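Shown next, in structure tokens, is the structure this report addresses.
Note that this is a predicted model, so its numbers are computed, not measured. In what follows, chains carry the letters A, B, and so on, assigned in the order in which the sequence lines appear, proteins first and then strands, with residues in each chain numbered from 1.
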There are 2 protein chains.
Amino acid sequence: MTENRSQQRVAKGRRGRPRQAEVARLAGVSQTTVSLVLGGNKQGIALHAETRERVLEAARELGYVPDPAARRLAAARNNLLGVFSFTATFPTAVEHSYYPFLVGVEQEAAARGFDLVLFTGSSPGGALERVRLADGCLFLGRHAPAAGLRRLVDDGYPAVHIGRRDELAGLAWVGADYVDASAEVVRRLAAFGHRRAVLVREDDDAPASTDRERGFHEALAETGLAGPPGAAGPVVRAADPAAGITAEWVRGRWEEGVTAFVAEETDTGAAWRALLGAVEGAGLSAPGDVSLALLGSPPADLAGRPAPTGFDIPRAELGAAAVRTLTGLLAEDGPGSPPLVACAFRAGHTAGPPPGT
Amino acid sequence: MTENRSQQRVAKGRRGRPRQAEVARLAGVSQTTVSLVLGGNKQGIALHAETRERVLEAARELGYVPDPAARRLAAARNNLLGVFSFTATFPTAVEHSYYPFLVGVEQEAAARGFDLVLFTGSSPGGALERVRLADGCLFLGRHAPAAGLRRLVDDGYPAVHIGRRDELAGLAWVGADYVDASAEVVRRLAAFGHRRAVLVREDDDAPASTDRERGFHEALAETGLAGPPGAAGPVVRAADPAAGITAEWVRGRWEEGVTAFVAEETDTGAAWRALLGAVEGAGLSAPGDVSLALLGSPPADLAGRPAPTGFDIPRAELGAAAVRTLTGLLAEDGPGSPPLVACAFRAGHTAGPPPGT
DNA sequence: TTGTAGGCGTTATCAA
DNA sequence: TTGATAACGCCTACAA
């Protein structure tokens, strides 16, 4: 039977994984003592320094590493932070990837002594619940299923969403301050002397989009910048920017006195791409004839072009902030760092004074 | 006491989660039966359809979700694959990063139902032993400490090195076929009509370097291509390429009849960079006067330049292959996929027929 | 067809 | 200062 057991373990490929019991045997103490020593002795129980040494030595010799599952089950901590993304974490197309976030996440986690577990939404048995193996988890992607998150949050599981997420009450999040960053871009356009501007946005109701629009409006009100004359208003929603934002459209606005065109950043960069094409098609050039601004960063395939005037999302910093918030949750020590991270204005080369100034 | 327990569970943040025992109570069956029903009944044990229904119903009603920690503890595996890199996994400088490997690793791991744990050599408590937490581990980076790996391998811990590593007997690895890829590049040069070629390599004895040189030599022998006349031979080792590979040097070889210059890829891209500068400094142009080839990919900061003739390492594919090998080790089902992955020839724009052909 | 009992590796309580 | 012992939630022989 014991024979059987051990064969089974071999079959499972864990031959060598030493457990506390083995460390105990080698050190000549009980398994409990090993747990005590290796667990950092949280309860401040007195221990012979020599016993402690023997245990430590034995653990090192055996290459002992605690089993996270067992630890978790016994209500302890793992030193493991989860990162759950609802799309593949590493999509082949770099421009869609969460890589920049991970840079910050990884550094901050390492600095705080946590390892990272990457969970991917796509994997089979892809239940959100898997993350419970980790002490807490970061979630990224616009489309995290609310029900699963709700459940985790209600259970008091430490979770932090990267990107604003207020509709899920109780879910902690960190996000970029798109409102202020967008407003700042518009302020710069106003300072150049533009009088009329439009915002091109895609047909998406993610917080990231609505925040940008809000900042745009706020700055309009603040600076006196106007949209095109007439009832249409300064914001254009294009379900398919490639179709809606045409050379004719640009020329039409231009003839109405619009000299500044602003696009929002999205995953695909469709709005910006369409805007660039349409302006060119209209025979206009930036920043000579019109000023163009992008509320975010250009898609990777446009990286060669002159940098758009706009702002950069401090993705690494966001990731780091998320880790700080999460570890704050774990330590239950107050609200942690503020959820909004400021974006950096990027002067770029697509905006300047309007013609005739 | 019970009171105490339950408070503790609240503190752990697992307040309401129903367990199989509760589902069992509600369904009027034993916990075992619940496990059987909910576990998909792998062993094909016969069950009353009605019992099954009752259990399922009860589970739904209670919102039962299995605890991953418990599941893994019982299964004696974590469903976790480790990725250990000896430099930061996500260095800020993208050109040094392992990102391309991770793309493949992640996809393949997800496809096989594994999550990933990221370990970094730099993180505190950075002992290699930490990886034992995962069911198996991938190692990447040229400078993985042999002693630690030795230990893991001897213990039967499933480990796979990305990149050739034969000196560590028993360590599984997957690597790119640099020998063949390098030979292919030289063959193309020979086919263009070149008669003399040199290889510039850095002073590094990593397998990746020696393999390239071997392929270079093989193809030389095969095609009749020669090095420069004299005893120096066709290979130049430059500890500091920027200093050794000068315009004068290039001109000297050129006057000896060398029309093809080949550089190896390394982390820094120093050899290629030096070669480009030296050729330009010598007043020569590629592919008009001389042909240049790079055994690998150019550094990121040279991405804007015309693509060098050479080959691309299928990094994502390598990562995926590594995962396959590792899961093969876990399942102990045979040797798994072959360790060498073919590289893709890249025609590029820096090589062509030599002058006067 | 279902239930009983034991174990997975840790932590925590309580005696010794 | 240390060691039994009982959870934690689930899985799996084996018994009924």
A:Arg72 has an atom CZ; how far is it from atom P of C:dC8, in whole Å?
22 Å

Sequence neighbours left out, what passes salt bridge (charged side-chain N to carboxylate O under 4.0 Å, His left out) with B:Glu57? Give chain and number order.
B:Arg60

Step by step, would you call A:Arg130 with B:Asp115 a salt bridge (charged side-chain N to carboxylate O under 4.0 Å, His left out)?
CA-CA 9 Å; A:Arg130 278 181 353 230; B:Asp115 290 312; 3.1 Å; yes

Minimum-distance nucleotide to B:Pro66 side chain [options: C:dT11, D:dT1, D:dC10]
D:dC10

Does any residue of residues 25-34 of chain B have a heavy atom under 4.0 Å from DNA chain D, and if so, which ones, in number order?
B:Gln31, B:Thr32

Listed nucleotide nearest any side-chain atom of B:Ser35, set D:dC11, D:dT2, D:dC8
D:dC11

Atom CZ of B:Arg71 and atom P of D:dG9 are separated, to the nearest Å, by 15 Å

Classify A:Val65 by what it touches in the nucleic acid, base, sugar-phosphate, or nothing, heavy-atom distance under 4.0 Å.
sugar-phosphate

Could you work out which one of C:dT11, C:dG9, C:dT1 sits closest to the side chain of A:Ala70?
C:dG9

Test side-chain hydrogen bond (donor to acceptor under 3.5 Å, both in side chains) applied to B:Arg25 - qualifying residues, sequence neighbours left out:
none

Partners meeting side-chain contact (heavy atoms from CB on, under 4.5 Å) with A:Val341 (sequence neighbours left out)
A:Pro314, A:Glu317, A:Leu318, A:Ala321

Quick note, B:Thr51 side chain, CB onward, closest among D:dC10, C:dT2, D:dG9 is C:dT2

Those residues that, when tested against A:Arg52, pass salt bridge (charged side-chain N to carboxylate O under 4.0 Å, His left out) (two or more places apart):
none

Using rotation axes that map the C1' atoms of four end pairs onto the next four (five pairs an end), what angle separates the end axes of the helix from C:dT1-D:dA16 to C:dA16-D:dT1, to 10°?
40°

Distance check needed: C:dT11 C1' versus A:Arg19 CZ, whole Å only.
17 Å

Which of D:dG9, D:dC11, C:dT2 is nearest the side chain of B:Leu73? It is D:dG9

Give the ring-plane orientation class for A:Phe84 versus A:Phe139, where under 30° counts as parallel, over 60° as perpendicular and anything between as tilted.
tilted

Given B:Leu168, B:Asp166, B:Ile162, the one that forms side chain to side chain contact (heavy atoms under 4.5 Å, CB included) with B:Trp173:
B:Asp166

Rounded at 0.5 Å granularity, tell me how far CG in A:Leu133 sits from CZ in A:Arg71.
12.0 Å

